[in-house]
Amino acid sequence: MVASATLAVLAWLLPDFRIEAQNGDSPTQIAATAAVGAGAFGVLSALVWPLLVRALLLVPALLLGALVFFLNGSLLLVALRFTPDGRGEVTPVTAVVIAAVMSAASSATSTALAVRDDAAYGRRLARLAGRRRRHAGDPPLPTAPGTVFLQLDGVGHDVLASALAGSRPAMPTLAGWLGSTHRLTAWRTDWSSQTGASQLAILHGSNHDVPAFRWFEKETGQVMVCNRPSSAAELERRAVERTGSRGLLAADGASRGNLFTGGAEQSALVMSVAAQRGKFSRSRSGYFAYFSDPANAVRTAWSFVAEVGREVVESSASRLRRDRPRIKRGGVYPVLRAFATVVERDVAVAAVVGDMLAGRTAVYADLVAYDEVAHHSGPDSRDARKVLTRLDSSVRLIADAARYAPRPYRFVLLSDHGQSAGETFEDAYGTGLRELVRAGCGLPPTGREPGWRARRRTGAEARAAARSALRRPERGRRAAEEAACGGPPSDPIVLASGNLGLVAFPDIAGRATLEEIAGRCPRLLPALTGHPGIGFVLVRSEQRGPLVLGPGGSEHELATGRVTGRDPLAWFGPDAAAAVLRADSFAHTADLMVNSAVDPLSGAVHAFEEQAGSHGGLGGPQSRPFLLAPAELPLPAEPIVGAETLHTVFRTWLTPGLCPEPAPAVARPRNRRGLSRTSARP
């Protein structure tokens, strides 16, 4: 009825659309024509639309989202052919608009009607998951609890604790869990405090030889970047080879929106399989599950546009308030932010709901919205706090959907790292790390014209995800492209990973030693360690092994623990020396690893990239992510240090018989579709 009324109103409003005869019709005839057109459109959407979407799975994801409107309009054109005596006439362009409005109106109505109707809500979720009726001979439904891991990318422990505190918490759903069913704890990342290193270890049990978010490998002459499809696939291969295990999700698991599969057979929006053509359609199954309902596409499109407008307004307000630190947020960044905070979120959430309705044993999903916004607005900004509230709504939606799952589910929330605020290194000191290194080597500046920094690309992680969704070719795999040195091969390559800088001399085979670097560039190490924005530098000495060099000639000899002067690692936490020593053992650790200084009071750092909130090295909250887990799941007595330790904890939780099962809240009656109708239990 709502669809029919919407069609009639649009026919009255739009000059290029009519559903009546040339000489006019009675209101009854117009209503009947609208009902026939709306009914035909609904039938076509239900029968034809899923087939169209499945046929278009090989189309780039963002293009598929745009095609939704045109395909929906085409279905409406066909539907109007069924109106009596050719009363339905519309131009193709107007048909696209009408179809979008009708889908939005139908979605809003069905959602409103389902609020108090568990059966209607269950049917909608069942359609989303593509479930069928159970038949005789089907395997029995699982009864052991499944586990859903939701990674809130970049949310530090202190940020989450603040969002859960007070009488009106920013994340009311999680605040309620903390007070009843869950407990909150912090864990400590490795030196490389970024998604690639943390998630690889969490899902595959090893992040050995992942020194940063991006690094140069001398033997191949290429730069590895964790969120690049080819690099992610290679890192996953190395981890599986090292551990001999497929990963955390190998047993009936699903990986959604991650960099790595974790060994899961079911994956969507996963970077490590995006470049594998043979598996690409499977990695895009989440798009099919989501876009098979055209109302979802319309709702996401409106949210996408709203998010672009929100970013424009918020960035303008930040400039007027003169917020510090502040970076430029123009260009295509508003679109990239909307992709990360709307499209990736909606598809990942829908995929997780489908996984639960399918009864999968373990699901791991990464919700990247906060990390993307915090990089540009700051981890403690108003913008980032609003994103936390929207993430809380997504978690609540997933938890509510669990009532229809064929098995109980535990919800484990975690982050892969935090973020540390602070002015960029270049804003604070007027020069970038690359220029500082070149000056220390006696090389001329790179010749950038004034204002070049304003045109740097921002939103690197969202940009990579968008390029993958568009199936665009990779860029910058060669060191010259990535580092933009603009000089001969002997020039040092300088890369940045948040407040961690990497310096490599490509013409020196293997890892360059302290003695080799001092002989070639005698002013380089004094220039770095004497700079107020540099906290410490890791270098390998032929005679003394790994050395941490700090201001004023201070040293920390990692092999022996001997310290000269004030310990350069004193302000970076009690586990800093162990983390740095572990990174020194990696085959692809850079010739020089440069960590920016940290403010001991505020925890502020200076990113070597254009970021208001950064992570990647040591210093401040970036190394303290959170773990919010059900209270009945056991935690080790010692603090959790390193993502590999977290993998071991999760393995224990997923091993049958080693963890207590949650007590059932109430009986779980089944409806005709075999869906449970109990309340969601975190």
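- Considering Glu307, Arg390, Arg310 as possible partners of Thr341, the one that fulfils the side chain to side chain donor-acceptor pair (under 3.5 Å) test is Glu307.
- Closest approach of Val373 to Arg337, counting heavy atoms only: CG2-NE, 3.8 Å.
- No side-chain heavy atom of Thr181 sits less than 4.5 Å from a side-chain heavy atom of Phe411.
- Within the 4.5 Å cutoff, no side-chain heavy atoms of Leu367 are placed close to those of Val352.
- Remark: the Glu311 side chain and the Tyr333 side chain contain no N/O donor-acceptor pair separated by less than 3.5 Å.
- With 3.5 Å as the limit, one finds no donor-acceptor pair spanning the side chains of Asp355 and Gln266.
- Between Gln622 and Val605, the shortest heavy-atom contact is NE2-CG1, 4.1 Å.
- Atom CG in Leu160 sits 7.5 Å away from atom OG in Ser415 (nearest 0.5 Å).
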Pair Thr261, Glu236 - check side chain to side chain donor-acceptor pair (under 3.5 Å), show working.
CA-CA 8 Å; Thr261 66; Glu236 183 170 322; 2.6 Å; yes
Exercise for review: Evaluate the criterion side-chain contact (heavy atoms from CB on, under 4.5 Å) for residue pair Gln199 and Asp366; output intermediate values, then yes/no.
Suggested key: CA-CA 9 Å; Gln199 197 178 87; Asp366 187 7; 3.6 Å; yes
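- Side-chain contact check for Ser245 and His204: no donor-acceptor pair (N or O, by modelled atom type) lies under 3.5 Å.
- Ser614 and Asn499 share no side-chain donor-acceptor pair at under 3.5 Å.
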Show, in sequence, the C-alpha distance, side-chain angles and deciding distance for Glu265 and Arg360, and conclude whether the salt bridge (Lys or Arg N to Asp or Glu O under 4.0 Å) test is met. CA-CA 11 Å; Glu265 288 295 328; Arg360 295 196 172 97; over 6 Å; no
Does the pair Leu248 and His647 meet the rule for a side-chain contact (heavy atoms from CB on, under 4.5 Å), with working shown?
CA-CA 8 Å; Leu248 185 71; His647 171 86; 4.1 Å; yes
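- Contact annotation: the side chain of Thr361 approaches that of Arg407 to within less than 4.5 Å [non-hydrogen atoms, C-beta and beyond].
- Scored by the ring-ring contact (aromatic ring centres under 6.0 Å, His included) test, Phe650 finds Phe149, Trp653 as partners (sequence neighbours excluded).
- Side chain to side chain, Arg214 and Asn227 fail the donor-acceptor criterion of an N or O pair below 3.5 Å.
- Contacts classified as salt bridge (charged side-chain N to carboxylate O under 4.0 Å, His left out) and involving residues 613-624 (residues at least two apart or in different chains) are given here: Asp158-Arg624.
- The side-chain heavy atoms of Trp187 and Ser198, taken from C-beta on, include a pair separated by under 4.5 Å.
- Side-chain contact between Val412 and Pro630 is present, with heavy atoms from C-beta onward closer than 4.5 Å.
- In this structure, the side chains of His417 and Asp371 come closer than 4.5 Å at one or more pairs of heavy atoms.
- Counting all heavy atoms, side chain and backbone alike, Tyr409 lies closest to Gly359 at OH-C, 3.2 Å.
- Counted by atom type alone, Asp416 and Gln151 present one or more donor-acceptor pairs between their side chains at under 3.5 Å.
- Rounding to the nearest 0.5 Å gives a distance of 12.5 Å between CG of Leu178 and OG1 of Thr173.
- Inter-residue side-chain proximity for Phe626 and Leu413 is flagged as met; some heavy-atom pair is nearer than 4.5 Å.
- Heavy atoms only, all atoms of each residue included: Leu357 and Ala405 are closest at CD2-N, 4.0 Å.
- For His157, there are no ring-ring contact (aromatic ring centres under 6.0 Å, His included) partners, not counting sequence neighbours.
- Checked for salt-bridge contact, Arg237 and Glu234 meet the test: a charged N lies under 4.0 Å from a carboxylate O.
- For Gly498 against Gln611, the heavy-atom pair with the smallest separation is CA-OE1, 4.0 Å.
- At most 12 heavy atoms of other shown residues, nucleotides or ligands fall within 6.0 angstrom of atom CZ in Arg382.
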Pair Val363-Thr147, side-chain contact (heavy atoms from CB on, under 4.5 Å): steps then yes or no = CA-CA 6 Å; Val363 183; Thr147 306; over 6 Å; no
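- A 4.5 Å side-chain heavy-atom check between Val349 and Leu397 finds at least one atom pair inside the cut-off.
- Heavy-atom minimum distance, Cys226 versus Ala232: O-CB, 3.6 Å.
- In this structure, the separation between CD on Glu644 and CG on Asn207 is 5.0 Å, given to the nearest 0.5 Å.
- With no hydrogens or angles considered, no side-chain donor-acceptor pair links Asp392 and Thr389 at under 3.5 Å.
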